[in-house]
Amino acid sequence: MKKNKFYITTPIYYVNDKPHIGHAYTTILADVLSRYHRAEGDEVFFLTGLDEHGQKVQQAAEARQLSPQEHCDDLAPRFLGLWEKLEIQYDDFIRTTQKRHIAVVQQALQQVYDAGDVYADEYEGWYSVAEERFITETEKDSGSFRDIKKLKERNWFFRMGKYQKKLIDHIHEHPGFIQPGQRRNEVLGFLRQPLGDLCISRPKARMGWGIDLPFDKDYVTYVWFDALLNYITGPGYLADQKSFKKWWPASVHLIGKDILTTHAVYWPTMLFALGLPLPETIFAHGWWLMGKTKISKSLGNIVNPLDLIDEYGVDSVRYYLMREMVLGQDANFTMESFIKRYNSDLANDFGNLLNRVSGLIGKNFDGFVPEHGKMTDEEDHIKEEAVRLDPKVKKSVSEMRLDGAMEDILQLIRQVNKYLEYQAPWKVAKTDLGRAGTILYTATEALRICAVHLFPVMPFKCKAVLDILDNAGKGTQWGGLKKGAKLKSHEALFPRLEVPKQ
RNA sequence: CGCGGGGUGGAGCAGCCAGGUAGCUCGUCAGGCUCAUAACCUGAAGGUCGCACGUUCAAAUCGUGUCCCCGCAACCA
C-alpha cells in the first residue's frame with residue numbers, strides 16, 4: 001500500500017559520549033528507508049537529533065570542566081560530522097536545548113498538569129550516593145553498588161498507570177504498532193503487571209541540568225519526559241499547526257531494543273495524556289556485537305567499524321550494515337564478515353558484472369549500448385525477474401527487512417552473471433553481432449535496474465554506475481537504458497580486497 | 001513453575017503461523033569457461049532440523065515434557 005507521507009525518526013542520541021556504531025546504524029537505517037520512500041515518490045520527513053539534558057550529560061561535562069551547554073556544543077558537531085560522512089539526508093536535526101523544544105516541553109507539562117495527570121508525592125527508595133541516582137531493588141541486590149542508603153524525596157509524578165488499559169487495547173488493535181512481534185510480546189508481558197506512575201521531576205538541589213517544570217521552579221524535568229517530546233517538536237507541535245498536522249503521527253520510530261519500554265510504554269501514555277494520536281510503528285532493532293575480529297596486519301587493526309569508511313568507502317559500510325543485520329536480531333561485526341560480504345557481493349557479483357558488460361560492449365560495439373533484437377525466452381526470463389524485483393524490494397522494505405531486500409537484488413545480479421555464462425556473448429559476437437547485442441542489452445538493462453534498487457543503500461556507487469551507463473534512467477521499469485548510449489570508461493567499482501591466507 | 005525469543009550440514013540465516021522432496025549465502029573438493037576485479041558458471045561431499053514422548057497415513061513444521069543459550073523484569077540513553 002502506498003502512503004504519501006512518511007515521517008521517520010531515530011532516537012535522539014544522548015551526548016555523554018562520542019558517536020558509535022549503534023548511533024550510525026540506526027541513522028543509516030532511517031536514511032535508507034527515507035531514500036526508498038522518496039524514490040517511491042513519497043513525501044518524507046526524517047528527524048534525528050540529540051538528547052542533551054540529564055545527569056549523565058552534567059557529569060560528563062563536569063569531568064571535562066565544561067558547562068553542560070559547552071559540552072553539548074562541543075559534541076554536537078561530531079554527530080553532524082559523522083552524518084555527513086555517512087551521507088545521511090535528514091530533514092531536521094533537533095537538540096533538546098533548543099528554545100523550540102523547551103517551549104514544547106513546558107507547555108506539554110502544563111497541559112498534562114492542568115488536566116490533572118500530574119501530582120506530587122514522596123518517593124522512598126535506595127539511593128546510590130556514588131552514582132547520584134536511585135537504584136532498583138534488583139540493582140541493590142546485585143551488590144554492584146556501594147554507598148547506598150534509603151532516601152526519601154518529594155517529586156512530581158505522571159499518572160501513567162491510568163492509561164495502562166488503553167495502551168494494552170491499542171497494542172491489541174494495532175498489530176503493527178510494536179515491531180518485531182517478539183518485542184510486542186515483551187511489552188504486552190510487561191503490561192500484564194500493574195503499571196505504576198512515572199516520576200517526571202528531579203530536584204534541582206540534586207540535578208540541575210534540565211528543563212524547569214513550569215509549575216514548580218525547584219525542579220527540572222526528568223530526561224525521558226523531555227526527550228520523547230522531541231518527536232512532536234520536530235514537525236512543529238504548538239509552533240506550526242499546519243506542519244504538525246501534516247506529519248504527525250509518525251510513520252516509524254526507529255529505536256534500539258534497549259529503549260523499548262520508554263518508547264512503547266512511557267511515550268504512548270504521554271501522548272494519550274496530551275490527546276494526540278500514537279505513532280503508527282515503533283520498530284526496535286537489535287545490537288551490533290563486536291565479534292572476535294582477527295587482527296590482520298595488511299588490513300590494519302581496525303576495531304571500530306566506522307573506521308572502515310575511510311578505508312573502504314561509505315557505501316560498502318552502509319551495504320554491510322544493512323545486509324548483515326537481520327530484522328530485529330543482534331548481529332556480529334567482524335572484519336572477516338565485512339571482507340566476505342564486500343568481496344562476494346560487491347566486488348565479485350555487482351562490480352564484476354559491470355566490468356563484464358562494459359568490457360564486452362566496449363570491444364564489440366565501440367562502447368555504444370546496442371539495439372536489442374528479438375527477445376528469446378532467455379531474455380524474457382531475465383526481464384521478468386527484473387520486473388518482479390520491484391514489488392519484492394518494496395515488500396521487504398515495508399517490512400524493514402533490508403537484509404532480504406539486498407539479497408533479492410543480489411539474486412538477480414547473480415542470475416545475470418549466470419545468463420551471460422550460458423549465452424556467452426563473447427562467442428556469439430563472432431558469428432551473430434545482432435544476437436550478441438540483444439544479450440548485452442538485456443544484461444546491461446538488468447544491471448541498471450539493480451543499481452537503481454541499490455541506490456538508497458549505496459548512493460555514491462550506484463550513481464557512478466548510472467553515470468557510466470551514460471545517465472541511464474533512474475526508474476525501476478524495464479527499458480530505462482538509452483539505446484545508443486555511450487558507456488564511460490571506469491575503474492573497478494569495488495576493487496577486490498585481498499586477504500592474506502592464514 | 002515471572003514473561004518472552006531461540007536451538008536447522010564447517011559458519012551465518014530461511015523454512016515453522018496455513019504438516020507431505022530440508023532452501024539460501026559463505027566455506028571445502030572436483031570440473032567448466034576464459035568477456036570480467038585469480039572473478040564467473042556447473043557438479044559433489046556434508047544435516048537422524050537440541051533431546052524424549054505424543055497427535056497424524058505423514059512433523060523441522062502441531063502438542064507435552066526436558067536440556068541449553070539469549071532478551072525483558074519501571075524511574076537506568
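Values reported hereafter were calculated over all heavy atoms of this structure, with side chains retained and with hydrogens, waters and symmetry mates removed. The sequence lines fix the lettering, A, B, ..., with proteins before strands; numbering per chain opens at 1.
Partner assigned to B:A30 is B:U42, using Watson-Crick or G-U wobble distances below 3.5 angstrom. The pairing partner recorded for B:A14 is none, the criterion being a Watson-Crick or G-U wobble arrangement whose two distances lie under 3.5 angstrom. Of all nucleotides present, only B:G2 satisfies the Watson-Crick or G-U wobble test against B:C72, with each distance under 3.5 Å. The pairing partner recorded for B:C51 is B:G65, the criterion being a Watson-Crick or G-U wobble arrangement whose two distances lie under 3.5 angstrom.
Of the C1' atoms belonging to B:G27 and B:G46, the separation is 12 Å, rounded to the nearest Å. For the C1' atoms, the distance linking B:G15 with B:U21 amounts to 14 Å, nearest Å. The separation of B:C17 from B:C29, taken at their C1' atoms, amounts to 39 Å, rounded to a whole angstrom. Taking the C1' atom of each, B:C49 and B:A60 are spaced 4 Å apart, rounded to whole Å. Rounded to a whole angstrom, the distance from the C1' atom of B:G19 to that of B:C57 is 12 Å. The same atom, P, is picked in B:G65 and in B:G4; the two are 13 Å apart, to the nearest Å. Atom C1' of B:C1 sits at a distance of 36 Å from the matching atom of B:G9, rounded to the whole Å. When the C1' atom is compared between B:G50 and B:G5, the two are found 16 Å apart, to the nearest whole Å.
No hydrogens or angles considered: nothing links the side chains of A:Glu379 and A:Thr442 as a donor-acceptor pair under 3.5 Å. No side-chain N or O of A:Tyr222 forms a donor-acceptor pair with one of A:Asn155 less than 3.5 Å apart.
Projected onto RNA chain B by closest heavy-atom contact, A:Arg323 and A:Asp403 fall at different nucleotides, the more 5' of which corresponds to A:Asp403. Nearest-nucleotide mapping onto RNA chain B: of A:Thr261 and A:Lys363, the residue sitting toward the 5' end is A:Lys363.
In this structure, A:Asn352 does not reach the B:C40 phosphate: none of its side-chain N or O atoms is under 4.0 Å from OP1 or OP2.
Considering only side-chain atoms of A:Leu360, the nucleotide from B:C41, B:U25, B:C35 that sits closest is B:C35. Between B:U25, B:U34, B:A36, one nucleotide has an atom nearer to the side chain of A:Arg356 than all others, and that is B:A36. Checked against B:A74, B:C26, B:C41, the side chain of A:Lys340 finds its nearest nucleotide in B:C26. When the nucleotides B:A74, B:G71, B:C40 are ranked by their closest atom to the side chain of A:Lys257, B:G71 comes out on top. Listed candidates were B:G71, B:C24, B:C40. Nearest to the side chain of A:Gln411 is B:C24. You'll find that the side chain of A:Phe190 is closest to B:A73, out of B:C33, B:A73, B:C24. Taking only side-chain atoms of A:Leu493, from C-beta outward, the nucleotide of B:A74, B:A36, B:U37 with the closest atom is B:U37.
Per the geometry, CD1 belonging to A:Ile413 stands 12 Å off P belonging to B:C40, to the nearest Å.
Comment: A:Arg414 engages A:Glu407 in a salt bridge, judged by a side-chain N to carboxylate O separation of less than 4.0 angstrom. A salt bridge links A:Arg356 to A:Glu421: at least one charged side-chain nitrogen sits closer than 4.0 Å to a carboxylate oxygen.
Annotation: A:Tyr312 is not in aromatic contact with A:Tyr320 [ring centroid separation under 6.0 Å not met].
A:Glu421 contributes a side-chain N or O that forms a donor-acceptor pair with the base of B:C35 under 3.5 Å.
Remark: A:Asp169 CG is packed, more than 12 non-hydrogen atoms of other residues, nucleotides or ligands lying under 6.0 Å away.
Note on A:Phe494: a base of the nucleic acid sits closer than 4.0 angstrom, heavy atoms only. Base engagement by A:Asp258 is indicated by at least one non-hydrogen atom pair under 4.0 Å involving a base atom. Here A:Leu195 lies in heavy-atom contact (under 4.0 Å) with a base.
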